[in-house]
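Along the sequence shown, the residues carry numbers beginning at 1.
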Amino acid sequence: MHEFFEGSVFFAVFLTLFSYCIGLAVQKKLKHIIFNPLLIAIIITAAVLLIFDFDYQTYKANSEVVSFLLTPATVCLAIPLYEQFELLKKNALAVLCGIASGILTCLCSVLIFALLFSLDHATYVTLLPKSITTAIGIGISNELGGYESITVASIILSGILGNIFAVPFCKIFRITNPIARGVAIGTSSHAIGTTKALEIGEIEGAMSSLSIVVAGLLTVIGAPVFANFI
């Protein structure tokens, strides 16, 4: 029976979706930013795998169908961007400068912490793509000789933190412009953060969607340059 569940595609997909549904229910019930549905789903899934001694690699392979759906879901983020295209054209330079400064800040912060904690080269390059979408981040990490699994974990963590703290940080620093908020969220926390931006408003969601793409492209250019510093 253990082997049946461990090797079942349906069980892997069910566990993934059921864990996320529990996360949504908990967030709806408790209504606190710390109860992020994705974070709760990760905890529940990890707990089930550990308690019942299921092999993670087998679970990962069997749940690939869920990962496959991430691509069309990300493409759908272009819809709010299309609806706000005229606004984007009027503020194109400011948006591009904001994204570029965000990516530069991200790469510099990883470099600074790597020097402070004496990280080796492989660990350092693993963290360089932490704030961009997983598909691009994994490619960069592999190309630079990083650890793919740690890159994925850092990307997910960045997204969850962005989703949780986006609104509080905007209030603390009094960021009220919807374009600035969208660019900040999308540049720092990719698709997971963009879901929060879409909740805030249409303009925030559109700018955040654009930031995911541009941030990924700029990181593809900037990460190999920063990789030579350690």
Side-chain angles (χ1 to χ4, degrees), residues 20 23-24 27 32-43 67 70-71 73-81 84 95-113 126-141 146 149-220 222-223 226:
Y20 187 72
L24 288 174
Q27 185 190 51
H32 194 282
I33 59 173
I34 197 65
F35 296 107
N36 181 271
L38 182 58
L39 178 60
I40 295 173
I42 291 173
I43 294 173
S67 299
L70 290 175
T71 300
T74 303
V75 173
C76 288
L77 293 175
I79 296 175
L81 177 61
Q84 302 293 335
V95 170
L96 291 176
C97 289
I99 299 172
S101 62
I103 291 302
L104 183 60
T105 301
C106 172
L107 295 174
C108 287
S109 64
V110 173
L111 174 61
I112 292 171
F113 279 104
T126 294
L127 299 175
L128 283 176
K130 69 176 182 62
S131 294
I132 60 175
T133 186
T134 307
I136 301 176
I138 290 176
I140 294 175
S141 180
S149 58
I150 299 178
T151 297
V152 172
S154 65
I155 290 173
I156 292 175
L157 181 59
S158 296
I160 291 175
L161 291 176
N163 187 289
I164 293 174
F165 295 110
V167 174
F169 270 53
C170 285
K171 290 182 179 179
I172 291 173
F173 294 101
R174 299 181 180 179
I175 302 174
T176 57
N177 186 286
I179 297 176
R181 289 193 293 191
V183 169
I185 295 172
T187 303
S188 60
S189 52
H190 50 85
I192 301 177
T194 299
T195 60
K196 175 58 67 175
L198 289 167
E199 293 177 12
I200 298 173
E202 292 183 3
I203 296 177
E204 286 88 344
M207 296 303 113
S208 186
S209 301
L210 171 67
S211 300
I212 295 174
V213 179
V214 179
L217 295 175
L218 292 178
T219 303
V220 169
F226 273 76

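- Atoms CD1 and OG, from Ile136 and Ser141 in turn, are 13.5 Å apart once rounded to the nearest 0.5 Å.
- Residues Val95 and Leu210 are in side-chain contact: their nearest non-hydrogen atoms beyond the backbone lie under 4.5 Å apart.
- Put simply, the side chain of Asn163 gets close to the backbone of Ile192: a donor and an acceptor are under 3.5 Å apart.
- Looking at Thr126, its side chain never comes within 3.5 Å of a backbone N or O of Thr151 through a donor-acceptor pair.
- Taking the side chain as every heavy atom from C-beta outward, Lys130 and Cys106 approach each other to under 4.5 Å.
- Taking a 6.0 Å sphere around CD of Gln27, one finds it holds more than 12 heavy atoms contributed by other residues, nucleotides or ligands.
- The structure places CZ of Arg181 at 9.0 Å from CD1 of Ile175, a figure rounded to the nearest 0.5 Å.
- The shortest side-chain heavy-atom distance between Leu107 and Leu111 does not fall under the 4.5 Å cut-off.
- Leu38 has its side chain out of reach of Thr195: every pair of non-hydrogen atoms, C-beta onward, lies at least 4.5 Å apart.
- Closest approach of Val183 to Ser211, counting heavy atoms only: CA-OG, 3.4 Å.
- Atom CD1 of Ile34 is separated from atom CG of Leu39 by 7.0 Å, given to the nearest 0.5 angstrom.
- Here the closest non-hydrogen pair linking Pro37 and Tyr20 is CB-CE1, 3.6 Å.
- Ring geometry for Phe173 against Phe169 counts as tilted: the plane angle lies between 30° and 60°, on a 0 to 90° scale.
- For the pair Ala223 and Ile140, the tightest heavy-atom approach, listed with the atom from each and the gap, is CB-CG2, 3.8 Å.
- Taking every heavy atom of both residues into account, Gly137 and Pro129 meet most closely at O-CG, 3.6 Å.
- To the nearest 0.5 Å, atoms CD1 (Ile185) and NZ (Lys196) are separated by 9.0 Å.
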Exercise for review: Go through the steps to decide whether Leu128 and Thr219 satisfy the test side chain to side chain contact (heavy atoms under 4.5 Å, CB included), and finish with yes or no.
Suggested key: CA-CA 8 Å; Leu128 283 176; Thr219 303; 5.9 Å; no
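- The shortest heavy-atom contact between Gln84 and Ile203 is OE1-CG1, 3.8 Å.
- Note that the CD1 atom of Ile103 and the OG atom of Ser131 stand 6.5 Å from one another [nearest 0.5 Å].
- We find the CG-OG distance between Leu161 and Ser189 to be 9.0 Å, quoted to the nearest 0.5 Å.
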